[in-house]
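This report concerns only the one structure given below.
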Amino acid sequence: MKNLLLTFLAITVIFAACEKEEEEPTNSGNTTPTTYAFSCKIDGADFTDNNPTATIDPSTNVLILDAENGENTIRIIIYNFSDRNVSEEISLNYGSGISGALVTKDGVDYTNTQSGKLIFTKIDAELSGTFSFTSTSPSIGENKSVTEGVFEDLTF
């Protein structure tokens, strides 16, 4: 019995003397920011789309960028696309016959673009660029401001 007691005491002392290893905390959160193929803010609210479309009508030389996020959509129209260059600032004043942009937010169309610009950062097999604009709804007379617009690596 005495040997059994000494054995348990020795085991207890050995385990008590062992230092517990601290485990490294695992990072379960993603520290890499999510990037989207098309993103912007509509009156400060985030708008993103990972499947925007970029199409060119070769007969009219018009590029159309379409993005959708539920009920909300953005369309950017660039006339004379083949004449455009990287870093060129393109006016988005719709109705000027140059280019334009429109937004549909909560079922209301904002089609009269008063001011805006688009700048391509890449034009080759893929398109990238930045944009911003403000459009007015002809039916209700209110404005929607689209800011911080970015599209990356869109194929057309």
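Side-chain heavy atoms closer than 4.5 Å link hydrophobic residues (I, L, V, M, F, W, Y) into clusters, and following such links, possibly through other members, connects Leu154 to Phe47.
Of all heavy-atom pairs between Phe156 and Ala125, the closest is CE2-O, 4.0 Å. Scanning all heavy atoms of the two residues, the minimum distance from Gln114 to Asn93 falls at O-OD1, 3.1 Å. For Asp49 against Glu68, the heavy-atom pair with the smallest separation is OD2-N, 2.8 Å. Ile123 approaches Asn85 most closely through the heavy-atom pair CD1-C, 3.8 Å.
The closest donor-acceptor contact from the side chain of Arg84 to the backbone of Tyr79 lies under 3.5 Å. Although no hydrogens or angles enter the test, the distance criterion places no donor-acceptor pair under 3.5 Å between the side chain of Thr134 and the main chain of Ser145. Remark: the backbone N or O of Ala37 is paired with a side-chain donor or acceptor of Asn50 at under 3.5 angstrom. Put simply, the side chain of Ser128 gets close to the backbone of Asp153: a donor and an acceptor are under 3.5 Å apart. Between the side chain of Asn112 and the backbone N or O of Pro138, no donor-acceptor pair lies under 3.5 Å.
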Between side-chain atoms of residues 101-109 and protein atoms elsewhere (two or more places apart, or another chain), which donor-acceptor pairs fall under 3.5 Å?
from	atom 1	to	atom 2	distance (Å)
Thr104	OG1	Thr73	OG1	3.4
Thr104	OG1	Asp109	OD1	2.6

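Residues Phe133 and Tyr110 keep their aromatic ring centres 6.0 Å or farther apart.
Side-chain contact between Phe38 and Asn69 is absent, with no heavy atoms from C-beta onward closer than 4.5 Å.
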*Evaluate side chain to side chain contact (heavy atoms under 4.5 Å, CB included) for Lys41 paired with Asp46, printing each intermediate quantity in order.*
CA-CA 5 Å; Lys41 293 187 182 290; Asp46 290 335; 2.6 Å; yes

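Remark: of the listed residues Asn143, Leu92, Thr113, Thr113 is the sole one forming a side chain to side chain contact (heavy atoms under 4.5 Å, CB included) with Ser135. Between Leu63 and the options Ile76, Leu118, Ile56, a side chain to side chain contact (heavy atoms under 4.5 Å, CB included) holds for only Ile56.
Looking at residues two or more places apart in sequence or on another chain, you find a side-chain hydrogen bond (donor to acceptor under 3.5 Å, both in side chains) between Glu126 and Lys122.
Here SG of Cys40 is found 3.5 Å from CD1 of Ile74. Values are rounded to the nearest 0.5 Å.
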